Structure formats: C-alpha cells, structure tokens
Amino acid sequence: MDIPKQYDPKQAEQNHYERWEKQGFFATEINRDPKAPVFSIVIPPPNVTGSLHMGHALQHTMMDVLTRYKRMCGHRTLWLPGMDHAGISTQLMVTRELKKEKLTRHDLGREMFIERVWTWKKESGGQITRQMRREGASVDWSREKFTMDEDLSRAVREVFVRLYEEGLIYRGNRIVNWCPNDQTVLSDLEVQKDPQAGKLYYLQYPVKGSDKHVTVATTRPETMLGDTAVAVNPADERYRDLLGATLVLPLSDREIPVVADEFVDPEFGTGAVKVTPAHDPNDYDMGVRHNLEQIAVIDTHAKMTEAAGADFAGLDRYQARTKVVEKFEELGLLEKVVDYEFSISKCERCKTVIEPLISTQWFLQMDKLRDLALDLMAREKKPRFVPAVPHEKVYTNWLENLRDWTISRQLWWGHQIPAWYTPDGQVIVARSEDEARQKAGTHELTQDPDVLDTWFSSALWPFSTLGWPEKTEDLKTFYPTSVLVTARDIIFLWVSRMVMMGLKFMGDRPFDDVFVTGTILDPHGQRMSKTKGNGVDPLEVFDKYGVDATRLKLASVGSTDVRWNDKQVESYRNFANKIWNAARFCLLNSEGATIKPETVSSGGSDLALHDRWILSRLNKTARDVREALADYEFHEAVQTLYHFFWDDFCDWYIELTKAEVTAEEATPKRDEARTRLITVLEQALRLLHPFMPYITEDLWLRLPGAHEKLLHQAYDGAQPTIMLAAYPEANSQLIDDEVEWQMQAVIDLISRVRNIRSEMNIKPGERVSILIGAPDEKLRSVLSANTNQISRLARASEVSIGETLEAPRASARAVLVGGAEVAVPLEGLIDFDQERQRLRKEKEKLQNEATKLEGQLANSQFAERAPAEKVAELRARISDIAQRTAQFDQTIANLE
RNA sequence: GCCCGCUUGGCUCAGUGGUAGAGCACUCGCUUCACACGCGAGGGGUCAGAAGUUCGAAUCUUCUAGCGGGCACCA
C-alpha cells in the first residue's frame, strides 16, 4: 500500500462530491425508513448575482454539519438550496452590461430587458451554487429553487391576492424613502443612517404685517421652498404671541401659518421648525395633523420642480441649497450658519442620499401580522434564538415598533404586482390577467408596472419552496423546518417576515430554532466589505489549507465575532494531516484486520487497560459531541473531537497499542489489536465526518472491511459512504471512570519520568531504570500490569515496583498520586543541590495550594454552608497534598 | 438619546459560582520504525478597575473606563 506522508486536500475534494451527488446521497429519498424522524433546513438564498464570501462559508458550514450529523443519525434530512432573484442588484448588473453596449434598459423595453436578465442568469448567475459544491455542502440539488421560478411566483401572487382581499395590502399616497439614483422607493430597512458633518442654517421668516421675524434652523435650506407652515411647541412662551400669525415665506410669494405642535422640542435650535410636508417624514405627519398643503419642490431625480419657482426649477438639490442660502444672505435673512453633525439617510446599496417624497405605492399593513409573531414568542418562546441574548429581545422590540412595509419597487426585475387598472381607474387584484379580466369584465387592462420588494418573496421561502399553495408531500413532511442558520443583519429583513408569513399562511412557525452566527472580521477587527477590499476569499483559503480545515475553523467560530487569522486554519490543516497520518499508520499495519463494530460496542474485563480506556474516551466523546450539537455549541464539539483524536487516540492509544499492532509475527492477538485499532479509527472518522467530510470519506473508503454493512439501517442498500454510516452512539456502559483513573495514573507516571529525562538531559536513546514505591495496593497493581507500556513509553530498561521505594541516593525523583514516589537512578548525573532545589520548588507549589485550601476548610462557615460533597472533595484534596508533601520531605531528606 | 455585547497568558479565542484552558508564538531536547503540517519537556495570566452578594466570585449584582454593535422622527 502506497500512502503519501502528507495529506493532499485537493485530491480528496475532487474525488467525492460528484459521486455523492450522483448517487443521490443528498436527496431526502435516500432514507428508506418511513418512520424516520425529519430534519429540515432551508438555505438563506444567496443573491443570484453573488459569489461566495466568508459569511456564506460560515453559515453553510454550520448548516452542513447539522445536516450531515442528522443524516448519519438516520433522520430524513432535507437541506434545500436555492437563490434569490435580488431585484435591484440583478437589474443593476444587467444594466451595467447594457451600458457597455451603449444601451439602456429603456432601449430594450421591459420584455426584452427581462429576457436579457434571464439570459444573464443562465450564463453567469449562480456562480455560488458551483462554489457550494466545493464547500461540500450536502444540499438536495433536486429541490433547488429560485425565487422567480414559476411555482414560487405563483405563491407570491397567491399571498398578495389574499392579503389584498383581507385589506392588509393597500395602495396609498404617502411619504416614502426614494433613491434618486436607483429610481425606486425603498423600505425603511433598506435605508442606512450615516453620521454626517454638515451645517445648520438659521433662516429668518418675516412675520406678515410686522417688522418681526421668526428664525428657523434647518440642515436642508432648499426644502424651504416647499414649506407650508412653521411649527412651535404650544407650551413655548416665546412664541405664544405668534400662534396663528402668518409668515411671509421668502423667495416665494406664499404666506404660511405658525402652528402649534407637541412634536416640536423647544430646547432644540430656535424652538421653531419649518414644516415641509412633501420632503420630510416628520413634517409630513405634522402636515397631516394640521391639514397643511404638500408642495413637492424636489422631483424623483432630486432636481427642483416648477413648484420651487422659476429661479430654482431644474437645479440639483445641492445647487439649490447653495442658491437659497445666497439669496437669504442677500436679503439679510440668514442669521447664522453653524457646524452641525447629524445623521443622513442613504440608500444601503448605492449610498445615494435618500430623498423623502410623497408617492403612490403599495403597502403591507403589519400590525396584525406582527401580533401573530409576538403572540408566538409570548406563548411558546418561538422561534428559539440561539444565542437568546441579545436576539430574542431585539427581535421582539423591533416587532413592537413595526410600521407598515412599503412593498412596491419601481423596477422591472422582480414579481410584477398582480394588480390591473381598468380605463376608468378601477383597481383589480387577481392571480392572473385572465382572472383580472373576468373580475373586471373587460380586456382593456393595464398591469401595475411596479414589482414587489425582493424580501416579499423571501418571506415565503420556507413554504413556497416546498410547493405551497399546493398541499404537497414535501410541505407536509418538511414544514415547519428545524432550524434557520443566518447572520445577524437579516433578522428583521428576513427572519421576522418569514415568521409572520409562515404563521399567516401555514398557521405554523416556519422553523423551531434560529441559530445566529457570529461575524468574521478582518485581522484588525473591521467588518469585511467589498468597498474596503479587506475581505478574505474563502476559495483562496480552501486552496491554501483545504476545505476540511477551513470548515473546522469556521465551525468553531460559533456565534461570536472573531478576527480572521490564517494561523488558526493552518493548525486545523495540521490536524487534517495528523488524521491522515494516524490512518496511514493503521493502514500500514492492517493486514489481517477488518472493521468490526462489535469490537467497540462491548467492553469486557479481559481487555487490556488501554483498550478499555480508549472505548471509554470514544464513548464520552460521542456523548459530548452529541450534546454540544444539540445546543448548537459548535466550538465545543470541535474542541472535543480535536482533543480526542490528537491527545487520546494519537498521542496515547496508538502508542499504547503499537507494540501489539506492529508485532513481527502474524498472530490472532495481533489481528485482534489491529482490528480494534482500525475500528476505533473508523468510529472516530464517523464522529469527524460532519465537520470534515472529504478527508473522512477518503480514508473511510480505504479501511478494510465490508463497508456496506456499516451504513445506518435507514440507508440499507445504498452504495458505501461514510455520509450514511450511523453516527456513533454513546454507550454509557463503556464510559468507565475507574478505567480512566487507572490509565491516567499510568500516563502521569510516564509523564513524570519523561520530565525527569528532559530536565536531566538524558539522551533520547538512553535507557533508564524506573523505581516506584507505592503504598497503595491498587495503584501498585495497576502499574504492575502495565510495566511493558511504561518501559516502552518512558524508555526504561527496567521498571520495579514496591510498597516502599528503595533507590540509590543519586536518583532523580518525583512524587505521584497518593504519595507514591518514582525514582530514576542517575549515578554521576545528579547535582544534589540542584535536585533538592528542584524538588523544593515542586513542593512549594503544593504547599501554596495547601495553604489556600486549609484556609478555606478552617472557615467554619464553609463546613456549615457548602454542600457536603464539596467539603469531602476538599478534604480528599488536602489529604492527597499532605501525602505528597510528606513524600517530598522524605525524598529531600534522602538526598542530604 | 435608548438598548445590547465585549474586555482572560505576546496574539486569536474557549470557559461562566468551588484547584485558570486551547491553538499559535516562545524556551529546551529530539531525523524515536504514522506524521518536523511532527515527537517529548517547559516558561508565561492577581481573568479591565472598584464596590457589593456569597462559606467561596474570572463566573452573579451595581458602578467606572476602553472598544464594538443595534435601534431612534430631533428640525
């Protein structure tokens, strides 16, 4: 057998995915057990324009770990993949392409443009699905969905019509967030507030029929052209006289009233606020309260309208600002300008400053839907957020303050709103144009040109992808899904809306749990972003360290924010190599061996200590990993596996069993040892598989044995793959603390001797004698039974054990559990002073601890109030330390 | 402004009422028949600061400081 010394991840990554996919291992139908429990996850659909970034890799790793784990446990698992049509992003992408051909989308017309988008999607979209294959994601590709698929579009229309018929969707003329660059309205969640260093302009408005004036402060002087009032707080003494007065609006021939409104904060600015109902959300509300005129002075391109007056019409809003300020200055009405920092609303996508405008749009009334979600949280604490803090509270607070959702967008790419207009202006909402014609009784219909917010279709994702509104088998089987794995930043945009829509249309939650992943920051603690260019490309990391190593790093991120560091991936790359070489050793010594699960499923006192010990460790590991995964403690699971494999299996078990396994002569005993070793390895590979799919599959297939018999019974008849092998159960019968204690005593002894060798500079090849004095009989018998192991691993020529220690004065010594003592005779190598000093230092450490513990025990309160168990534990510890210090004293005395 | 999180060895992070942990880095020694992406042995932390609760606090409470995040209509 020829196995390279170094693991080559690329080779394993190329060899298995295609076969897994072709064999249908990812598909839910692979499970033949009709009674199998169900586990399902829908993927947060990445944008069709997107390519894989670290955030995806992170989420996908967690989802794949869970899916592979549950699949190995025999669950009927579905991890459903798909993509989002990503309205604006995709439209922009194709628009940019057209621009290269010196075309605009208007040159093509709507129909041609949409065709063009589909062509683009077919040719260059969905890069991410190819990259997911590299990740090893075990998604069911036969169920892949796209939010613009016909069946999903049908679900969108169905939902729209039902909500409209219930009066929850309505069309209205209201103030909205408008992006002058993207030429569409945006929801509140797509607007980001950025701090901005700006100016606060103090403008004076003359009072009609008087030489007085009122000063208002504003950050946006250009909007004064659309002012229709000035508001003051009704309780503000300073302006009491002015209430009801009329002001002359400069640069315009209009007169505007002074109104009283509680909204105005007398403390801020001058206490008088200019009111521009058409261009500010607060002013809009005030305008509604006071029945003020709404004068739009800025248009959808952020240019001033005719209504702004001849001097300003056609100017850009910022040019207009300058001009307004100049004119006020000329008129002597500019009181002052002060520096002022405020927050400005920007389009999250293109960073253009949002223009609040009054516009006719479609809205979804949220209060009833919101209550469904809030009730679920209040009654059942669902969905269960992991971690609960802070997400549960943030989610709840957000719902409590939820406002109506602007769902229409002025785009071409997306689900066109299923609303039609008759020539006389009647609105017909229907599932199809045919239905609309029937309802309207005419064929002369025009469909609303707008499309729906991308997040509207995403909100339906957990049930639309499973066939809703049809009552499909999939929907029945997989809804509600088990868990949603997602990043923090779309809890409002997506998670909350899925909960509301799921409750509304399925009458049930879309998922039980929401696992919120942490964020991967750059090495300086900054968020990774395209614009900053500080992102780390997961594909490059895959190339450099391998997919499995990267996955292990990502899984151990869990739900905290961490700075990216290649070193950590490197150490997992080393771990993969360690696994490879451990397997290499097993395979090089596998003649006569075959995987036999029964050799690890039962113990037996006839087994050697190290064999019973590794079974105990193996089962404890299975137990701990299962518990960790049940609570989404990925980091814990990874650490447990890492230390089991490296420390327990490689550092100790392989070394302890090596003598038997590498024996020259082929004997039944050797075969048994080899079989046991390879079977433990096989179990370890299974435990690791959800995290490291490639290396585990690659090695597993090389192990000698009847692989098809190792599959979980739910997968009877499937081709052999570790993916479908049963995840190891924790057999509590085999978890044996007594055995672990005994093995630990042997390990401690070996470590103490190695320490002496190292401290005394004994050459690695040189054999020493080990003399042990152990008053405790049990310890003596444990050590006696393992003298071969001890002499091999501590490189000793002889090991002698007695009740008391009889060693030459010129020995290096160490003290063990229960006051046992070990000595290594080193004639001529011992500097007695130095040795005494070394021992005193050791003793001192113990004494420090003893002082602390005795102080605690001396406290009468402790004995009274602490649990008896803790007190006993402390006493035992003190007595062990006492035994050991006594031994130290004697040891030191012997050296005098 | 309101809410929340973080602060543990040089670095990146676990732990979360009862003896301070890992990986990397560091020191020393090793071509020991799976692995130098390795083996063996070490050094290094009064767990941000203060007060409190408790028999006992890195862990719970309060305050302070620094860093980070979310929400909010302050012109």
Side-chain angles (χ1 to χ4, degrees), chain A residues 3 5-7 193 200 216-220 223 231 263-265 267-276 280-286 340 342-343 387 389-391 393-394 397-398 401 488-489 491-492 519 521 523 525-527 545 549 553 556-558 560-568 570-589 633 635-636 638-639 642-643 650-651 654-655 658 662 750-751 754-759 761-765 792-793 795 849 852-853 856-857 859-867 869-871 873-874 877 881:
Chain A
I3 306 167
K5 286 188 173 188
Q6 231 177 53
Y7 170 53
K193 304 267 169 126
L200 193 56
V216 295
T218 181
T219 54
R220 299 197 59 195
T223 62
F263 167 78
V264 181
D265 174 8
E267 304 291 317
F268 188 88
T270 61
V273 182
K274 61 187 276 308
V275 183
T276 323
D280 181 282
N282 298 312
D283 294 7
Y284 175 84
D285 291 341
M286 272 199 275
Y340 183 63
F342 60 104
S343 64
V389 180
H391 305 297
K393 196 170 160 191
V394 172
N397 287 349
W398 183 78
N401 300 310
R488 245 194 310 275
D489 48 0
I491 291 178
F492 304 151
T519 309
L521 308 168
Q526 300 285 310
R527 278 186 102 82
Y545 300 107
K553 161 63 195 165
S556 66
V557 165
T560 49
D561 294 357
V562 292
R563 298 172 186 216
W564 182 262
N565 186 346
D566 270 7
K567 284 278 176 200
Q568 296 163 347
E570 194 181 318
S571 92
Y572 287 124
R573 189 270 320 261
N574 296 350
F575 180 54
N577 199 53
K578 188 75 181 175
I579 296 171
W580 180 261
N581 279 290
R584 181 169 181 268
F585 172 79
C586 297
L587 288 169
L588 290 173
N589 296 288
E633 286 167 354
H635 182 275
E636 184 68 26
V638 170
Q639 291 308 306
Y642 184 94
H643 287 115
C650 292
D651 286 351
I654 288 183
E655 296 305 328
K658 207 173 237 177
T662 59
I750 294 167
S751 298
R754 284 171 172 175
N755 173 258
I756 288 170
R757 296 182 60 110
S758 184
E759 299 260 326
N761 296 316
I762 314 287
K763 292 225 164 51
R792 226 164 23 81
L793 297 182
R795 305 202 146 233
E849 203 187 327
K852 222 166 83 185
L853 297 178
Q856 203 177 339
L857 194 63
N859 185 336
S860 62
Q861 302 274 17
F862 173 74
E864 272 170 45
R865 307 208 184 176
E869 179 195 317
K870 292 288 170 197
V871 179
E873 209 178 285
L874 187 81
R877 233 160 64 207
I881 290 175

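Quick note: numbers below take in every heavy atom, side chains included, and nothing from hydrogens, waters or symmetry partners. Remember, predicted model here, so these are calculated numbers, not experimental data. Every chain is numbered from 1 and lettered A, B, ... according to where its sequence line falls, protein lines coming before strand lines.
Annotation: B:G42 and B:G52 have their P atoms spaced 41 Å apart (nearest Å). Taking the P atoms as reference points, B:U32 lies 15 Å from B:C37, given to the whole Å. Nucleotides B:A34 and B:G29 are separated by 25 Å at their P atoms, to the nearest Å. Separating the C1' atom of B:A48 from that of B:C35 is a span of 42 Å, rounded to the nearest Å. Rounded to the nearest Å, the gap between the P atom of B:A50 and that of B:A65 is 15 Å. The P atoms of B:C39 and B:A22 are separated by 15 Å, rounded to the nearest whole Å. Straight-line distance between the P atoms of B:G18 and B:G56: roughly 14 Å, to the nearest whole Å. Rounded to a whole angstrom, the distance from the P atom of B:A58 to that of B:U16 is 15 Å.
In this structure, A:Arg757 places its CZ atom 13 Å from C1' of B:C39, rounding to the nearest Å. Spacing between atom CD of A:Gln568 and atom C1' of B:C13 amounts to 7 Å, rounded to whole angstrom units. The interatomic distance linking A:Phe585 (CZ) with B:G38 (C1') rounds to 15 Å, in whole Å. Residue A:Arg792 contributes atom CZ, which lies 17 Å from atom P of B:C39 at whole-angstrom precision. Rounded to whole Å, the distance from CG on A:Asp561 to C1' on B:G70 is 12 Å. To the nearest angstrom, P of B:G5 lies 19 Å from CG of A:Asp489. Atom CD1 in A:Ile579 sits about 15 Å away from atom C1' in B:G38, given to the nearest Å. Protein atom CG of A:Leu521 is 9 Å distant from nucleotide atom P of B:G69, rounded to whole Å.
Under the Watson-Crick and G-U wobble criteria, each requiring two contacts below 3.5 Å, nucleotide B:C67 is paired to B:G5. Under the Watson-Crick or G-U wobble criterion, with both distances below 3.5 Å, B:A22 is paired with B:U12. For B:G43, there is no paired nucleotide, since no Watson-Crick or G-U wobble pair has both relevant distances below 3.5 Å. Nucleotide B:A72 is matched to nothing when pairs are restricted to Watson-Crick or G-U wobble geometry with both distances under 3.5 angstrom.
Between the CZ atom of A:Arg584 and the CD atom of A:Gln6 there is a distance of 11.0 Å, given to the nearest 0.5 Å.
Between B:C39, B:C73, B:C3, one nucleotide has an atom nearer to the side chain of A:Lys193 than all others, and that is B:C73. Minimum atom distance to the side chain of A:Lys5 is reached by B:C35, of the listed B:A34, B:C35, B:A75. You'll find that the side chain of A:Asp265 is closest to B:A75, out of B:A34, B:A75, B:G38. Listed nucleotides: B:A34, B:U19, B:G38. Nearest to the side chain of A:Asn574: B:G38. Among B:C37, B:C35, B:C13, the nucleotide with an atom closest to any side-chain atom of A:His635 is B:C13. Nearest nucleotide to the side chain of A:Val264, out of B:A34, B:G40, B:A75: B:A75. Among B:A75, B:C35, B:C39, the nucleotide with an atom closest to any side-chain atom of A:Phe263 is B:A75. For A:Gln639, whose side chain is taken as the heavy atoms from C-beta onward, the closest listed nucleotide among B:U19, B:A34, B:A22 is B:A22. For A:Asn581, the listed nucleotide lying nearest its side chain is B:A34; candidates were B:A34, B:G18, B:G23. Counting only heavy atoms from C-beta on, A:Thr560 has its side chain closest to B:C13 among B:C13, B:U19, B:C74.
Looking at heavy-atom distances under 4.0 Å, A:Lys578 makes contact with a base. In this structure, A:Glu869 reaches neither bases nor backbone, as no heavy-atom distance under 4.0 Å exists between it and the strands shown. Residue-level contact check: A:Tyr545 touches neither bases nor backbone, having no heavy atom under 4.0 Å from any strand. Heavy atoms of A:Cys586 sit nowhere under 4.0 angstrom from any nucleic acid atom. Contacts of A:Val562 with the nucleic acid, taken as non-hydrogen atoms under 4.0 Å apart, involve only primed sugar atoms and P, OP1 or OP2. Counting any heavy atom pair closer than 4.0 Å across all strands shown, A:Arg573 reaches a base atom. Across all strands shown, A:Pro523 has no heavy atoms under 4.0 Å from either base or sugar-phosphate atoms.
Checking side-chain atoms of A:Arg757 against main-chain N and O of A:Arg795 turns up a donor-acceptor pair under 3.5 Å. Using a distance-only test at 3.5 Å, with no hydrogens or angles considered, no donor-acceptor pair links the side chain of A:Arg527 to the main chain of A:Leu521. A donor-acceptor pair is defined here as one N or O able to donate and one able to accept, closer than 3.5 Å; such a pair exists between the side chain of A:Asn577 and the backbone of A:Tyr7. Between the side chain of A:Arg488 and the backbone N or O of A:His391 there is no donor-acceptor pair closer than 3.5 Å. Remark: the backbone N or O of A:Lys5 is paired with a side-chain donor or acceptor of A:Asn581 at under 3.5 angstrom.
Regarding contacts with the backbone of B:A34, a side-chain N or O of A:Lys658 is found under 4.0 angstrom from either OP1 or OP2.
Counting non-hydrogen atoms of neighbouring residues, nucleotides and ligands closer than 6.0 angstrom, the CD atom of A:Glu869 reaches no more than 12 such neighbours.
Mapped onto RNA chain B by nearest heavy atom, A:Phe268 and A:Lys870 fall at different nucleotides, with A:Lys870 at the one closer to the 5' end. RNA chain B is contacted by both A:Asn565 and A:Tyr340; A:Asn565 maps to the nucleotide lying nearer its 5′ end (nearest heavy atom per residue).
Not counting sequence neighbours, A:Tyr284 has no partner by the ring-ring contact (aromatic ring centres under 6.0 Å, His included) test.
Looking at every heavy atom in both residues, A:Ile881 comes nearest to A:Leu853 through CD1-CD1, 3.8 Å. Here the closest non-hydrogen pair linking A:Lys578 and A:Cys650 is CE-CB, 3.7 Å.
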Can you check nucleotides 27-30 of chain B for protein contacts, nitrogen or oxygen pairs under 3.5 Å, and list what you find?
none

Pull out every protein N or O sitting under 3.5 Å from an N or O of nucleotides 42-44 of chain B, one pair per line with the distance.
unit_1	atom_1	unit_2	atom_2	d
B:G42	OP1	A:Asn755	ND2	2.6
B:G42	O5'	A:Asn755	ND2	3.4

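Relative to the six-membered ring of A:Phe585, A:Lys658 meets both conditions, a distance below 6.0 Å and an angle of at most 45° to the axis.
With salt bridges taken as basic N to acidic carboxylate O contacts below 4.0 Å, none links A:Lys852 and A:Glu849.
Between A:Phe575 and A:Tyr572, the two ring planes are perpendicular [angle over 60°; tilted spans 30° to 60°].
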